[in-house]
Amino acid sequence: MNFDKSKKLYEESVNFLPGGVDSPIRAFKPYPFFVEKAKGSKLFDVDGNEYIDYCLGYGPIIFGHANETIIKESIEQIELGTAYGVPSEKEIILAKEVINRVPCAEMVRFCNSGTEATMSAIRLARGVTKRNKIIKFEGAYHGAHDAVLVKSGSGMAGKPDSPGVPEDATKNTILVPFNDKEAMTKIINENKNEIACVIIEPIMGNIGCVPPRDDYLKFLREITESNNILLIFDEVITGFRLSKGGAQEYYNIVPDLVTFGKILGGGFPIGAIAGKKEYIEQFAPSGSIYQAGTFSGNPMSINGGIAAFKVLNDKFYKDLHDKGEYLRNGMSNILDDLKLDFQINGAESMTQVYFTEHEVYDYETAKLSDSEGFLKYFHKLLENGVFIAPSQFECCFLSGEHSKEDIDKTLEAMEIAFKEL
Ligand SMILES: *Cc1c(COP(=O)(O)O)cnc(C)c1O
């Protein structure tokens, strides 16, 4: 494979963009390929290489790249204007769609990114409960705002994870391990009447893919409810991916608030906070908790979401389910044949293989995997026309456009990659 043009663009871009990219994970070594276009299940780079794409923009592109329905409706919308600064009817239509699909959603506030959504949901929880402390899980990602950029590790709770985040901004953030009932119970008991919310990715998708164990979410619902703590499901990944109504429908657990991003915009930037009306109504202007945005509810993103929901019907999720099973079964057969004792985690269209023989159920166990080995695997896959996110701590996604042939080709590439490790 030839990467000459990508290399040249990368060498140029580092002069003008920090690290040559606009978001850190994109900068893999020695340099990322530069994309020219994307269609269906595939990315095409500037050197003429094509890749079956399992990164899918880190989650949003569940309907496949350049989806025909979304293209058509977006072109119609662009002619009607792209930012209004006054309300438009389509905002009501998309809000109703979300409310129809998502069990906890009675009212919606749209914003522009997953980061904005979790930042605002946490503010809402603090405003509603008049408490400051929040609980998040070790290794969970809720975007790039101060309160959630907290260092992981025992004894590190409340310390900033990176320079520029003041300790004042993180001191009220308490970390607990995922899937650990005892740790959660202890923290809640030690902080009686002080905790505003627990925020959770119902399936952890930013340390690979870690589903909740057995009745963990049910436990969490009960303990938060009995302590008047708001439960926030951060469904920026799982929303409209795990099922039509997201993880809360899939696991049948109804949180107080939910945050969305990624898929909801139909490929355009978006975020949303939804939940019980009595809470969401407390956002300004009906309430006093401040939340605002110039591009919030902008017609391109709202219209993109409406178009996406036309594609995301029951049959779509049934097909996606089958594809996920087919991929994981294939991977599992390859690992068995090669006598590699690695872990395959997944649910529906989310999958990750961990380079460890240990079961992976939280951040500590995820860290046991050989992430250097994983990077070799990533590069082997790339050489064989398969693009996955370049980290053990990301998740592989399927879209409605991934064909059986795509997945078979992918499994062949995986076999080569695992063999050559
Ligand atoms: C991607 C992500 C976010 C942040 O969303 P952005 O749109 O990138 O700001 C928040 N939470 C989760 C679970 C995510 O995966």
Side-chain angles (χ1 to χ4, degrees), residues 1-3 6 33-72 208-209 240-243 262-263 266-267 308 310-338 340 342 344-353 374 376-390 394-421:
M1 252 182 195
N2 179 335
F3 296 107
S6 280
F33 66 83
F34 277 62
V35 69
E36 184 159 283
K37 62 176 183 186
K39 183 74 188 169
S41 61
K42 299 208 176 70
L43 285 177
F44 300 84
D45 76 11
V46 289
D47 289 290
N49 305 306
E50 70 174 68
Y51 311 90
I52 305 169
D53 183 13
Y54 291 87
C55 180
L56 294 173
Y58 288 89
I61 310 299
I62 192 168
F63 24 75
H65 292 288
N67 177 281
E68 291 301 331
T69 305
I70 300 175
I71 291 176
K72 185 175 157 285
C209 179
F240 317 110
R241 176 168 287 285
L242 270 196
S243 76
K262 300 194 170 119
I263 291 172
K310 291 184 183 163
V311 180
L312 302 178
N313 56 27
D314 291 323
K315 177 166 184 314
F316 182 94
Y317 288 101
K318 169 78 180 69
D319 289 349
L320 207 55
H321 168 89
D322 294 345
K323 288 173 195 181
E325 297 287 305
Y326 186 73
L327 175 67
R328 284 187 292 278
N329 283 336
M331 291 170 75
S332 170
N333 290 340
I334 293 167
L335 292 179
D336 284 351
D337 287 348
L338 297 174
L340 283 172
F342 292 167
I344 299 170
N345 278 20
E348 301 297 314
S349 61
M350 298 171 69
T351 303
Q352 187 56 299
V353 55
F374 186 91
K376 282 189 207 148
Y377 164 78
F378 160 77
H379 281 287
K380 284 282 167 211
L381 288 183
L382 200 66
E383 284 168 26
N384 287 284
V386 173
F387 177 56
I388 62 171
E394 297 290 338
C395 185
C396 295
F397 299 112
L398 283 158
S399 80
E401 293 291 314
H402 284 69
S403 63
K404 182 167 175 294
E405 193 195 347
D406 285 335
I407 300 176
D408 285 336
K409 267 195 199 160
T410 302
L411 290 169
E412 277 169 37
M414 284 176 169
E415 187 165 7
I416 296 171
F418 281 127
K419 262 189 194 148
E420 292 180 6
L421 277 179

Approximate separation, where rounding is to 0.5 Å, of Lys310 NZ and Phe63 CZ
14.0 Å

Out of curiosity, Leu340 CG to Met331 CE, how far, rounded to the nearest 0.5 Å?
11.5 Å

Answer whether the closest heavy-atom distance between the side chains of Ile388 and Phe374 falls below 4.5 Å.
yes

Taking only Lys NZ, Arg NE, NH1 and NH2, and the carboxylate oxygens of Asp or Glu, determine whether Lys419 and Glu415 approach each other closer than 4.0 Å.
yes

Kindly give the heavy-atom pair with the smallest separation between Val386 and Ala413, and that separation in Å.
CG2-CB, 3.8 Å

Approximate separation, where rounding is to 0.5 Å, of Leu411 CG and Arg328 CZ:
12.0 Å

Minimum heavy-atom separation for Glu394 and Gln352, please, with both atom names.
O-NE2, 2.6 Å

What pairs of residues pass the salt bridge (charged side-chain N to carboxylate O under 4.0 Å, His left out) test when at least one of them lies in residues 42-58, not counting sequence neighbours?
Lys42-Asp406

Pick from Phe240, Phe316, Phe397: which one makes a side chain to side chain contact (heavy atoms under 4.5 Å, CB included) with Ile62?
Phe316

Can you tell me if Lys37 has over 12 outside heavy atoms packed within less than 6.0 Å of its NZ?
no

Least distance between heavy atoms, Leu398 atom then Leu56 atom:
C-CD1, 3.6 Å

Residues Asn49 and Asn2: closest non-hydrogen pair is ND2-O, 2.8 Å

Between the side chain of His402 and the main-chain N/O of Ser399, is any donor-acceptor distance below 3.5 Å?
yes

With a 4.5 Å limit on heavy-atom distance, are the side chains of Glu348 and Tyr317 in contact?
no

Arg241 (side chain) donor-acceptor with Gly59 (main chain) under 3.5 angstrom
yes

Has the side chain of Lys323 got a donor or acceptor atom that lies under 3.5 Å from a matching backbone atom of Ser349?
no

Short question: side chain of Asn345, backbone of Cys209 - any donor-acceptor pair under 3.5 Å?
yes

Heavy-atom side-chain contact between Tyr54 and Leu381 under 4.5 Å
no

What is the distance from atom CD1 of Ile70 to atom NE2 of His65, rounded to the nearest 0.5 Å?
11.5 Å

Test side chain to side chain contact (heavy atoms under 4.5 Å, CB included) applied to Val353 and Leu335, step by step
CA-CA 10 Å; Val353 55; Leu335 292 179; 4.3 Å; yes

Any side-chain heavy atom of Glu383 sitting closer than 4.5 Å to one from Ile416?
no

How long is the gap from CG on Leu320 to CD on Glu325, to the nearest 0.5 Å?
11.0 Å

Looking at Ala66 and Ile71, what are the two nearest heavy atoms and their distance?
O-CD1, 3.4 Å

Flag the pair Phe378 / Phe387 as yes when at least one side-chain heavy-atom distance between them is below 4.5 Å, and no otherwise.
yes

At their closest point, which heavy atom of Met1 faces which heavy atom of Gly385, and how far apart are they?
CE-N, 4.0 Å

Between Phe33 and Leu43, is there a side-chain heavy-atom distance shorter than 4.5 Å?
yes

List the steps and the verdict of side chain to side chain contact (heavy atoms under 4.5 Å, CB included) for Asp314 and Lys318.
CA-CA 6 Å; Asp314 291 323; Lys318 169 78 180 69; over 6 Å; no

Distance, nearest 0.5 Å, that separates CD of Glu412 from CG of Asn384:
9.5 Å

